[in-house]
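Shown next, in structure tokens, is the structure this report addresses.
Here is how names work: the chains are called A, B, and so on, in the same order as the sequence lines, proteins then strands, and each is numbered from 1. What you see below is based on every heavy atom in this structure, not just the backbone, and it leaves out hydrogens, waters and symmetry mates.
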There are 2 protein chains.
Amino acid sequence: MTKKTADPANGSAPAARQVPMRDFSRSLPMSLLRAREAVMRQFRPSLREHGLTEQQWRILRALASIEAAEVTELARMAFLLGPSLSRILRDLEARNLIERKTAKADQRRSMVSISKEGVKLMASVAPTSEAIYAEITRRFGARKLAELQEMLGELERSLGELGGADETIAGE
Amino acid sequence: MTKKTADPANGSAPAARQVPMRDFSRSLPMSLLRAREAVMRQFRPSLREHGLTEQQWRILRALASIEAAEVTELARMAFLLGPSLSRILRDLEARNLIERKTAKADQRRSMVSISKEGVKLMASVAPTSEAIYAEITRRFGARKLAELQEMLGELERSLGELGGADETIAGE
DNA sequence: CGCATTAACTTAACATGTTAAGTATCTCCG
DNA sequence: CGGAGATACTTAACATGTTAAGTTAATGCG
């Protein structure tokens with residue numbers, strides 16, 4: 001463990017604290033960021049071994065639960081922005097993990113689905129992933145985990161109503 | 001091509017549900033991601049108006065609370081990886097929002113501090129930022145907010161002990 | 001000393017986040 | 001029917017996340 005922080009013999013007379021704000025490390029965004037990072041740190045090595053990033057894994061998981069989906073719907077499911085999804089789909093398609101075909105009824109839409117290879121890859125990752133999740137649940141406690149998720153959902157709902165800028169998302 | 005499911009809109013739809021996993025939308029990483037995004041969506045427009053990104057703001061906030069810090073310490077405070085911080089500091093320095101000078105005792109280290117201009121910028125952003133935070137607190141509830149942060153901290157601690165980075169987690 | 005090792009950053013390379021602009025297609029109204 | 005506007009993506013441009021490699025300065029040890 002790195003202990004250091006012996007603090008060099010710098011001057012004293014602290015001229016900081018010039019702008020009054022809450023303690024930085026206790027801000028909600030930081031807490032959420034740190035918690036999420038702590039969780040993802042558990043999964044990333046395993047995903048990496050299988051050549052997948054976190055986002056690619058999200059997409060495959062989303063696709064594995066359905067027949068096929070339009071890009072926009074997939075973006076909503078995997079919580080990715082359109083441009084990110086567009087790039088990732090291009091790569092996943094090149095790796096033959098997904099398949100795309102334009103809808104006949106509407107040439108603008110493309111239906112995305114997971115390929116046989118994609119399913120195979122998922123099957124090889126899922127056990128480890130589930131085991132890690134189980135370990136997290138065991139460490140933190142199943143009950144507390146459920147409570148936490150409930151609170152996170154509430155937070156989301158309580159802020160969703162006044163969502164940042166354009167809140168004209170129809171169809172839900 | 002043998003089709004496994006009837007789909008009126010398009011021809012052959014690959015089968016789904018081939019790999020059993022938890023409901024995707026209920027995974028902890030997704031809950032944390034969505035909650036954080038809901039929160040950050042409130043702040044981003046204001047930061048943007050002041051020409052700051054979320055990470056730049058984190059750095060300025062961290063610097064405003066102290067005299068000066070080494071890059072590594074600052075990275076820990078602002079929860080940024082070294083390379084990200086390195087780039088951002090370069091930009092913030094070019095904009096004269098921070099100042100750097102190499103430590104006399106150890107030429108490898110550079111001490112970073114916020115500049116007068118940086119303080120001025122912070123002072124212009126802080127009120128709005130605090131107001132947004134207050135509104136979030138009001139909507140979600142101060143008590144629940146404290147509870148949530150407590151749980152997030154617990155989660156972090158319960159996972160931190162087996163922190164996957166250099167902690168011999170290879171065979172998990 | 002001399003040199004391997006370590007430490008503190010920085011650069012590099014690739015992937016994603018975020019916003020804006022572009023493209024092709026579809027809808028609808030006049 | 002025809003063009004304005006809406007839709008569904010895709011591209012582009014810039015900033016950050018993430019890992020690996022490079023650079024320079026300090027340390028340890030024979």
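For D106(B), the side-chain atoms get nearest to dA26(D) when compared with the rest of dA26(D), dT16(C), dT16(D). Taking the side chain of P83(B) as heavy atoms from C-beta on, and the options dT11(C), dA20(C), dC9(D), the nearest nucleotide is dT11(C).
Following rounding to the nearest Å, R109(A) (CZ) and dC9(D) (P) show an atom-to-atom distance of 7 Å. L52(B) has its CG atom 16 Å from the P atom of dT18(C), to the nearest Å. E37(B) has its CD atom 17 Å from the P atom of dT16(C), to the nearest Å. Nucleotide dG17(C) holds its C1' atom 10 Å from the CD1 atom of I88(A), rounded to whole Å. Distance CZ (R87(A)) to P (dT19(C)): 13 Å, rounded to an integer number of Å. For the pair R76(B) CZ and dA8(C) C1', the interatomic distance rounds to 15 Å; values are reported in whole Å. Taking atom CH2 of W57(B) as the reference point, atom P of dA15(D) lies 19 Å away to the nearest angstrom. Protein atom CZ of F43(A) is 15 Å distant from nucleotide atom P of dT18(D), rounded to whole Å.
OP1 and OP2 of dA8(C) both lie 4.0 Å or more from every side-chain N or O belonging to Q107(B). The phosphate of dC9(C) (OP1 or OP2) has a side-chain N or O of T72(B) nearer than 4.0 angstrom. At the phosphate of dT10(C), OP1 or OP2 sits under 4.0 Å from a side-chain N or O atom of R100(B). Taking side-chain N and O atoms only, S84(A) has no distance below 4.0 Å to OP1 or OP2 of dA15(C). When the side-chain nitrogen and oxygen atoms of S86(A) are compared with OP1 and OP2 of dT10(D), one or more of them lie within a distance under 4.0 Å. At the phosphate of dT16(D), OP1 or OP2 sits under 4.0 Å from a side-chain N or O atom of Q56(B).
More than 12 heavy-atom neighbours from other residues, nucleotides or ligands sit within 6.0 angstrom of CZ on R100(B).
Judged by distance alone, the side chain of S158(A) and the main-chain N or O of E154(A) form a donor-acceptor pair under 3.5 Å.
For a distance-only test at 3.5 Å, the side chain of R44(B) fails to qualify as a donor-acceptor partner of the base of dG17(C). Judged by distance alone with a 3.5 Å cut-off, a donor-acceptor contact links the side chain of R108(B) to the base of dA7(C).
Residue whose closest nucleotide on DNA chain C sits further toward the 5' end, between G82(A) and T53(A): T53(A).
In this structure, E135(B) CD and T137(B) OG1 are separated by 9.0 Å, a value rounded to the nearest 0.5 Å. Here OH of Y133(A) is found 5.0 Å from CG of L145(A). Values are rounded to the nearest 0.5 Å.
At a threshold of 4.0 angstrom between heavy atoms, the contacts of L85(B) with the nucleic acid are absent.
Between L60(B) and I98(B) there is a side-chain heavy-atom pair separated by less than 4.5 Å.
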